[in-house]
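Since the structure comes first, as structure tokens, the remarks are kept for the end.
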Amino acid sequence: MSELIIWTYDWVPEGPRGFVRDLRLRWACEEADLIYVVKTIPFDGRETNHLARQPFGQAPFLSDGELEIFESGAGLLHLARKSDKLLPPDPAGEAETLQWTIAALNSIEMVTVPWWFLKMCGDEDNQLAGWMGKRLDQLEKVLSEREWLAAGRFTVADLLMADVLRVPDVRAFGDRPATEAYVTRVTDRPSFKKAQDDQIRLFEAADEKRTEKGAD
């Protein structure tokens, strides 16, 4: 079996720690009991120092032997195909899981990320707020009627959707009890906690190295 390598930054500031998207790939591997290693690229110069592997200069990307995949969503789908724990083997369960995985990216994250960015730039009551509220209300209705998004059990769709929804500003946008219970339920999973802890420890260890380097 080829070696799975998750590539992420060697350091990030405190703000994004626990949210850098290599966590999605770590979490998937933990859920599926896939053996993997984490390797890093420099945070400094990140916009140009790895364009051959990630044409947008972002992280994460995934190596599986000779196969290289960028974008966390694509990496998740690749990992999901390796385990029934993430992707049901039956056609109906697979189709339902795939549609909700894409929905997390295309119907929810595509509005939450630009809304959050505008909010961080000082435009809290921006024009995306109504659109995001509508999307979250629609999802709230779905989650009030089911425990999991697809196939009646946890899948990669829940992993991704919960990761999109757990951003604190998004989580605090309105009162949606079913969504809050869903995010809590999914992020209480031991595999998520391990993936998040491992990511934070990596960046904390990098703090010490940067401090030592600065003292030289």
Side-chain angles (χ1 to χ4, degrees), residues 1-83 85-87 97-98 101-106 108-110 112-114 116-117 155-168 170 186-187 189-207 209-210:
M1 182 176 292
S2 57
E3 182 180 43
L4 285 171
I5 304 173
I6 299 171
W7 294 86
T8 189
Y9 297 127
D10 61 352
W11 177 88
V12 298
E14 287 190 18
R17 295 180 187 184
F19 291 91
V20 182
R21 290 175 182 169
D22 66 276
L23 189 145
R24 296 175 176 179
L25 305 184
R26 293 171 182 260
W27 184 5
C29 287
E30 294 292 341
E31 289 282 355
D33 297 319
L34 298 174
I35 298 173
Y36 68 101
V37 297
V38 176
K39 295 186 179 181
T40 62
I41 52 173
F43 178 78
D44 298 329
R46 61 193 178 280
E47 293 185 359
T48 59
N49 63 20
H50 61 288
L51 293 180
R53 286 176 162 170
Q54 219 292 358
F56 305 107
Q58 298 174 317
F61 50 92
L62 179 69
S63 299
D64 186 357
E66 296 182 356
L67 185 64
E68 301 249 347
I69 302 172
F70 69 89
E71 291 293 343
S72 62
L76 278 178
L77 290 176
H78 177 74
L79 295 173
R81 292 189 177 99
K82 293 178 175 288
S83 172
K85 294 181 178 180
L86 296 173
L87 186 64
T97 300
L98 292 178
T101 302
I102 300 303
L105 296 170
N106 201 46
I108 303 299
E109 191 170 54
M110 75 169 294
T112 60
V113 168
W116 173 84
F117 182 78
T155 67
V156 67
D158 297 300
L159 184 158
L160 184 54
M161 186 67 81
D163 196 55
V164 171
L165 295 171
R166 73 184 179 92
V167 175
V170 175
V186 180
T187 56
R189 297 175 71 85
S191 293
F192 169 79
K193 293 180 179 180
K194 182 179 186 305
Q196 187 178 52
D197 288 346
D198 287 350
Q199 183 189 88
I200 291 172
R201 279 198 296 269
L202 172 71
F203 296 139
E204 287 177 343
D207 284 338
K209 294 179 181 179
R210 290 171 75 93

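Remember, predicted model here, so these are calculated numbers, not experimental data. Note that the numbering runs from 1 along the sequence shown for the chain.
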Is the number of heavy atoms from other residues, nucleotides or ligands under 6.0 Å of I35 CD1 greater than 12? no
Might you work through the side chain to side chain donor-acceptor pair (under 3.5 Å) test for D22 and W7, ending with a clear yes or no? CA-CA 7 Å; D22 66 276; W7 294 86; over 6 Å; no
Which of L23, D197, V186 passes side-chain contact (heavy atoms from CB on, under 4.5 Å) with F192? Answer is L23
Run the numbers on Q196 and W27 for side chain to side chain contact (heavy atoms under 4.5 Å, CB included), then give the verdict. CA-CA 8 Å; Q196 187 178 52; W27 184 5; over 6 Å; no
Closest heavy-atom contact between G73 and L105? CA-CD1, 4.1 Å
Gap between atom CG of D33 and atom NZ of K85 - 0.5 Å precision: 3.5 Å
Once you round to the nearest 0.5 Å, how far does OG of S83 lie from CG of L34? 6.0 Å
Look at the side chain of Q199 and the backbone N and O of G18, then say whether any donor-acceptor pair between them is shorter than 3.5 Å. yes
Report yes if the side chains of F61 and I41 come closer than 4.5 Å at any heavy-atom pair, otherwise no. yes
Side-chain donor/acceptor pairs under 3.5 Å, residues 64-71, sequence neighbours excluded:
from : atom 1 : to  : atom 2 : distance (Å)
D64  : OD1    : S2  : OG     : 2.3
D64  : OD2    : H78 : NE2    : 2.7
D64  : OD2    : K82 : NZ     : 2.9
E68  : OE2    : S63 : OG     : 3.3

Before you tell me yes or no, could you show the steps for L77 and L98 under side chain to side chain contact (heavy atoms under 4.5 Å, CB included), namely the whole-Å CA-CA distance, both residues' side-chain angles and the distance that decides it to 0.1 Å? CA-CA 8 Å; L77 290 176; L98 292 178; 3.6 Å; yes
For D163, enumerate each residue passing the salt bridge (Lys or Arg N to Asp or Glu O under 4.0 Å) test, keeping only those at least two apart in sequence or located in another chain. R24, R166
I'd like to check T101 versus L87 (side-chain heavy atoms, cut-off strictly below 4.5 Å). Are they in contact? no
Cationic N near anionic O, under 4.0 Å, D198 to R201: yes
Please step through side chain to side chain contact (heavy atoms under 4.5 Å, CB included) for the pair V156 and E31, ending with a clear verdict. CA-CA 9 Å; V156 67; E31 289 282 355; over 6 Å; no
Shortest non-hydrogen separation from L86 to A32 and the atoms involved: CD1-CB, 3.9 Å
Shortest non-hydrogen pair, A206 vs D10, comes out as CB-O, 3.1 Å
Close side-chain approach of L202 to T40, heavy-atom, < 4.5 Å: yes
Please examine the side chains of F203 and E14, heavy atoms only from C-beta on, and report whether any two atoms are closer than 4.5 Å. no
Look at the aromatic rings of F43 and Y9 and report parallel, tilted or perpendicular, splitting at 30° and 60°. perpendicular
Mind running side chain to side chain contact (heavy atoms under 4.5 Å, CB included) on L62 and L79 for me, showing each step along the way? CA-CA 10 Å; L62 179 69; L79 295 173; 4.0 Å; yes
Taking the side chain as every heavy atom from C-beta outward, state whether L160 and L76 have any pair of such atoms under 4.5 Å apart. yes
Check for a donor-acceptor pair, side chain of R17 on one end and backbone N or O of V12 on the other, with a separation under 3.5 Å. yes
Rounded distance (nearest 0.5 Å) linking atom NE2 of H50 with atom CD of Q58: 7.5 Å
Backbone N or O of T155 within a donor-acceptor pair of the D158 side chain at under 3.5 Å? yes
